[in-house]
Amino acid sequence: MTDPIFSVNITVMRWSHSLIPTLRENPKEAEVLSHRLLLRGGYIRPLASGIYNLLPLGWRVITRISRIIREEMDRIGGQEFYLSALSPKEIWVKTGRWEDYGELMFRLKDRKDREYALSPTHEEIVTQIAAKVIRSYRQLPQIWYQIQRKYRDELRPRGGMVRIREFLMKDSYSFDIDEEGLDRSFSLHREAYQRIFDRCKINYYLVEASGGVMGEGESEEFLAPSSSGEDFAVICNCGYQANLEVAQSASEPKEYHDEPVVKVHTPEKRTVEEVAGFLGVEKTRLVKTMIYIRNGRTIVLLIRGDRELNEEKLRRRFGLAIRPASGDEIKKLVGVEAGFVGPLGLEYEIYADLELRGARGMITGANERNYHIRGLNLERDVRVKEYLDLRRVGPGDHCIRCGQLLRIEPAMELGHIFKLGIKYSGPLGATVIDSNGKERPIVMGSYGIGLGRIMACLCEQTADDDGPNWPLQLAPYEVSIITINTNDRPQMETSEDVYNLCQKAGFATIWDERDEGPGVKFKDHDLAGIPIRIIIGPEGMKKERIDVKVKLLNRRLLLRKEDLISGLVELKKELSG
RNA sequence: CGGGGCGUAGCGCAGCGGAUAGCGCGCUUGGUUCGGGACCAAGAGGCCGGUGGUUCAAAUCCACUCGCCCCGACCA
């Protein structure tokens, strides 16, 4: 490095030659905070709906997240794979997911008209590998992982990086000989994930969850509190934490006087709201009757008027195939339009929500147009096959364990760990010979983390008015140097000195030597969220000190040049703690 | 898929009772500045998303279409 002003030394990370296309104004398509900030800071750029390119700054953040994930996966014995994204139809047909995934799956054909999927996940693929290469229980357990792109043709991509169609995911798969082994692999992953999210300095809840299309086994989710998330975490002080999809709350039964059944005229009153209003009773006095169909069988569900049905719970109990009956089907099955349906006299299987056990003096549809009935006594009048937990937890509900008031918080799903059992190994023939010489299917688990969501979530959780404040471990650069006046030779020389010092000491450093006003540079550095900022300007020059600012610690240091590195090392320690 | 909104310069927007397309920021050049999005001067930059129609004349009116964003998508 000769002339500090005119030298072009490519080993110096200069802002002027970095691609950090910041935006002064908010792009109008971005409403969600993280979306706005990531766009404005030059981390990401959209290519199509739900498809983003990661620019250098974004990729650097993702790289740092991956590094942590790799370290923690390796620590529990994980082995990293690189798997193909394109996969043939056949393996998906074998597990039934060619159907189950439906429109969510990207499909394509090759020139010979053979069908393929752009893999939305990789259970089938790793299981197929396991089927071919694993023979004996002696080779188990195994933990395989990958950090790669997954493809899902989402109903509606939204919120910037929140729900996208091509996304980066760390997925791992465990293979064990039995359930105990799976339990072990599962808790290893739980611990690894806790370490990962802790190291990312992200706030999260570990909650009970539902497997959805992945499988019906036990599963837990890592939800980060976030206003732009699509989930809700149900939280109790006692430690009960669950995704709203599966959360339960204490029943709060209402007692009404038992009375004989009488028909009442309720002209054009269909909804709970209307009926309760018309009859001048609380909504809790009504019983909603819902007709569902599962593989051609009719199922009747009863739930109290003020409650809502939780369909996720239905699917868990009755399988993915259950669906609500259409308006026409209801008319055909019950003989009356929805709105006047009631359980009385229905010859179908009837299930009722737990809260309705023993309910008396209730009001429900009369199965006759414009009529409801009063005085319904569930035990006396209806043959309920089983009382089940069917309702969705709502505001004001109390903990099923301890009775305290539950909190319901919007949250974003960052990670999900599942026990799959033999759902995939069975159909794909992934078996091993056990110690008794018997062939048995491998017991599997699967564990995902969305890297883009970690970035988005962290961006939101740490952001102030000016931009994100990445934790040191994940920031695109650890140190940035701003030269206030680039036409001032001493400032430039000092800056270059300082840059070299930082670089030699191993700090990921970027030097902003653009001939711009100071405000522009400060704003851009705010958007880049670099934790340690060194400012070389007239103030510091006069005092012969290096000005170091750390927003995260709310601290400003004025260091002698010879003390700079030890000072930075100190800060780094503090920021990493 | 239903509903709503939006496509005009790189970004944010105006123009939409038809005629020559405009503003701010950014960009280029020169100069002055330099501790929180500076100032002066001179410039460059547009198939007004696409197609078709109405008209002497269309960014503007009509039809279709494509793209993007938001809300919803069974809760009786």
Side-chain angles (χ1 to χ4, degrees), chain A residues 21-32 35-36 39-40 42 45-52 102-103 155-160 162-163 228 230 269-275 283 286-293 300-315 322-331 334 336-342 353 364-365 367 372 390-392 394 465-467 482-488 491-492 512-527 533-543 547 549 551 556 558:
Chain A
T22 55
L23 265 22
R24 184 185 286 245
E25 290 174 90
N26 282 322
K28 68 169 174 192
E29 75 262 25
E31 290 199 356
V32 167
H35 191 196
R36 271 203 316 264
L39 243 21
R40 283 196 55 189
R45 280 294 184 270
L47 180 63
S49 180
I51 303 176
Y52 284 87
E103 303 236 272
L155 223 46
R156 181 157 83 84
R158 70 181 91 194
V162 174
R163 179 162 296 274
S228 38
E230 300 174 308
K269 305 297 178 212
R270 293 179 174 78
T271 65
V272 167
E273 203 78 29
E274 290 164 357
V275 175
K283 285 196 285 187
L286 271 67
V287 172
K288 282 199 272 203
T289 308
M290 289 163 282
I291 311 293
Y292 274 72
I293 311 271
V300 178
L301 302 168
L302 305 180
I303 192 161
R304 207 169 67 191
D306 60 316
R307 296 297 195 174
E308 300 211 339
L309 184 70
N310 181 334
E311 288 217 337
E312 196 54 42
K313 290 180 180 175
L314 268 193
R315 281 191 284 271
I322 190 158
R323 62 171 181 86
S326 68
D328 288 347
E329 284 172 320
I330 293 175
K331 254 187 215 154
V334 186
V336 71
E337 66 185 289
F340 302 103
V341 176
D353 183 62
T364 193
N367 294 331
H372 281 74
L390 294 174
R391 65 182 191 275
R392 188 200 304 276
D465 291 343
D466 299 314
I482 296 178
T483 308
I484 296 291
N485 185 349
T486 51
N487 295 311
D488 183 77
Q491 283 186 38
M492 286 299 271
D512 193 347
E513 29 63 280
R514 291 175 300 171
D515 186 12
E516 288 282 356
V520 171
K521 292 191 248 196
F522 286 128
K523 290 290 181 195
D524 280 353
H525 285 238
D526 286 336
L527 285 168
R533 181 178 302 177
I534 296 176
I535 300 153
I536 308 293
E539 263 184 45
M541 295 298 287
K542 215 178 296 162
K543 296 180 195 154
D547 190 343
K549 273 186 185 160
K551 199 154 58 155
R556 180 181 180 190
L558 293 172

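So you know, we letter chains A, B, ... as the sequences are listed, proteins then strands, and number each from 1.
- Among the atoms of the strands shown, only primed sugar atoms or phosphate atoms (P, OP1, OP2) are found under 4.0 Å from some heavy atom of Gly159(A).
- With distances taken from any side-chain atom of Glu539(A) to the nucleotides G36(B), G35(B), G37(B), the minimum falls on G35(B).
- Residue Ile303(A) is out of contact with every strand shown, counting any heavy-atom pair closer than 4.0 Å.
- For the C1' atom pair drawn from G26(B) and U65(B), the interatomic distance equals 33 Å after rounding to whole Å.
- Without hydrogens or angle criteria, Gln491(A) side chain to Thr483(A) main chain gives no donor-acceptor distance under 3.5 Å.
- In this structure, the side chains of Phe522(A) and Ile535(A) come closer than 4.5 Å at one or more pairs of heavy atoms.
- Within 4.0 Å of Val341(A), counting heavy atoms only, lies no atom of the nucleic acid at all.
- Shown here, A57(B) forms no base pair; nothing in the strands shown gives a Watson-Crick or G-U wobble contact with both key distances under 3.5 Å.
- Each of A76(B), G35(B), G12(B) was ranked by its minimum atom distance to the side chain of Ile484(A); first place goes to G35(B).
- Using a 4.0 Å heavy-atom cutoff across all strands shown, Arg323(A) reaches no nucleic acid atom at all.
- A sub-4.0 Å separation between OP1 or OP2 of G37(B) and a side-chain N or O of Arg24(A) is absent.
- When the side-chain nitrogen and oxygen atoms of Ser49(A) are compared with OP1 and OP2 of C69(B), one or more of them lie within a distance under 4.0 Å.
- Nearest to the side chain of Glu25(A), among G37(B), C11(B), A76(B), sits C11(B).
- Between Lys288(A) and A76(B) there is a side-chain N or O to OP1 or OP2 distance below 4.0 Å.
- Annotation: U8(B) and A58(B) have their C1' atoms spaced 14 Å apart (nearest Å).
- When heavy atoms are screened at a 4.0 angstrom cut-off, Thr289(A) is found touching base atoms of the nucleic acid.
- Closest non-hydrogen pair, Ile484(A) versus Gly537(A), comes out as CG1-CA, 3.6 Å.
- Residue Arg533(A) forms a salt bridge (charged side-chain N to carboxylate O under 4.0 Å, His left out) with just one option from Asp547(A), Asp526(A), Asp524(A), Asp512(A), and that option is Asp526(A).
- Looking at Lys269(A), its side chain never comes within 3.5 Å of a backbone N or O of Gly339(A) through a donor-acceptor pair.
- No donor-acceptor distance shorter than 3.5 angstrom exists from the side chain of Arg40(A) to the backbone of Asn26(A), with no hydrogens or angles considered.
- Contact of Arg45(A) with G10(B) (side chain to base): no donor-acceptor pair of N or O atoms is detected under 3.5 Å.
- Distance CG (Leu302(A)) to P (C75(B)): 17 Å, rounded to an integer number of Å.
- Nucleotide C48(B): unpaired (no Watson-Crick or G-U wobble partner with both distances less than 3.5 Å).
- The side chain of Arg556(A) has G35(B) as its nearest neighbour among G35(B), C75(B), G36(B).
- Nucleic acid contact class of Gly540(A) (heavy atoms, under 4.0 Å, all strands): base.
- Here the P atom of nucleotide G37(B) and the CD atom of Glu516(A) are 13 Å apart, to the nearest Å.
- Distance noted for atom C1' between C75(B) and G5(B): 27 Å (whole Å).
- Atom CG in Asp515(A) sits roughly 15 Å away from atom C1' in C27(B) (whole-Å rounding).
- Between the C1' atoms of G10(B) and C16(B), the separation comes to 24 Å (whole Å).
- Closest-nucleotide positions on RNA chain B for Pro518(A) and Tyr52(A) were compared, and the one nearer the 5' end corresponds to Pro518(A).
- At a threshold of 4.0 angstrom between heavy atoms, the contacts of Lys549(A) include nucleobase atoms, whether or not backbone atoms are also involved.
- In this model, no side-chain donor or acceptor of Asn26(A) finds a partner on the base of G12(B) within 3.5 Å.
- Rounded to whole Å, the separation between the P atoms of A57(B) and G15(B) comes to 26 Å.
- G43(B) and A59(B) have their C1' atoms separated by 26 Å, given to the nearest Å.
- As judged by a 4.0 angstrom heavy-atom cut-off over every strand, Arg391(A) is placed among residues making no nucleic acid contact.
- When both distances must be under 3.5 Å, the Watson-Crick or G-U wobble mate of C27(B) is G43(B).
- U20(B): no Watson-Crick or G-U partner with both key distances under 3.5 Å is found in any strand.
- Residue Glu274(A) qualifies as enclosed at atom CD: its count of foreign heavy atoms under 6.0 Å is above 12.
- Within the 4.0 angstrom heavy-atom criterion, base atoms lie near Leu155(A).
- The CD atom of Glu337(A) sits 10 Å away from the C1' atom of A76(B) (whole-angstrom rounding).
- In this structure, C1(B) forms a base pair with G72(B), meeting either the Watson-Crick or the G-U wobble geometry with both donor-acceptor distances under 3.5 Å.
- Rounded to an integer number of Å, the gap from NZ of Lys551(A) to P of G36(B) is 15 Å.
- In this structure, the nucleotide among G35(B), G37(B), A76(B) sitting nearest to the side chain of Ile535(A) is G35(B).
- Here Tyr292(A) lies in heavy-atom contact (under 4.0 Å) with a base.
- Across all strands, Ala48(A) comes closer than 4.0 Å only to sugar-phosphate atoms, never to a base (heavy-atom distances).
- Candidate nucleotides C34(B), C75(B), G35(B) were compared by shortest atom distance to the side chain of Glu308(A), and C75(B) ranks first.
- As judged by a 4.0 angstrom heavy-atom cut-off over every strand, Pro538(A) is placed among the base-contacting residues.
- Shown here, G7(B) forms a base pair with C66(B); the pair counts as Watson-Crick or G-U wobble because both key distances fall under 3.5 Å.
- Under the Watson-Crick or G-U wobble criterion, with both distances below 3.5 Å, A38(B) is paired with U32(B).
- Interatomic distance, His525(A) NE2 to Thr22(A) OG1, rounded to the nearest 0.5 Å: 10.0 Å.
- For Glu29(A) against G7(B), a side-chain-to-base donor-acceptor contact under 3.5 Å is absent.
- Within 4.0 Å (heavy atoms only), Lys28(A) reaches sugar-phosphate atoms of the nucleic acid but no base atom.
- A distance of about 26 Å separates the P atoms of A9(B) and G4(B), rounded to the whole Å.
- Taking atom P in both U60(B) and A21(B), the straight-line distance is 14 Å, to the nearest Å.
- Across every strand in view, A14(B) sits unpaired, with no contact that passes the Watson-Crick or G-U test at under 3.5 angstrom.
- Base contact: Gly537(A) has a heavy atom under 4.0 Å from a base atom.
- A close approach under 4.0 Å does occur between a side-chain nitrogen or oxygen of Arg156(A) and OP1 or OP2 of C70(B).
- When all heavy atoms of Arg304(A) and Asp306(A) are compared, the closest pair comes out as NE-OD1, 2.8 Å.
- Residue-to-nucleotide proximity on RNA chain B shows that, of Arg40(A) and Gly517(A), the 5′-proximal contact is made by Gly517(A).
- His372(A) places no side-chain N or O within 3.5 Å of a backbone atom of Asn367(A) that could act as its donor or acceptor partner.
- Atom-to-atom, CZ of Arg158(A) to P of C68(B) comes out at 15 Å; the value is rounded to the nearest Å.
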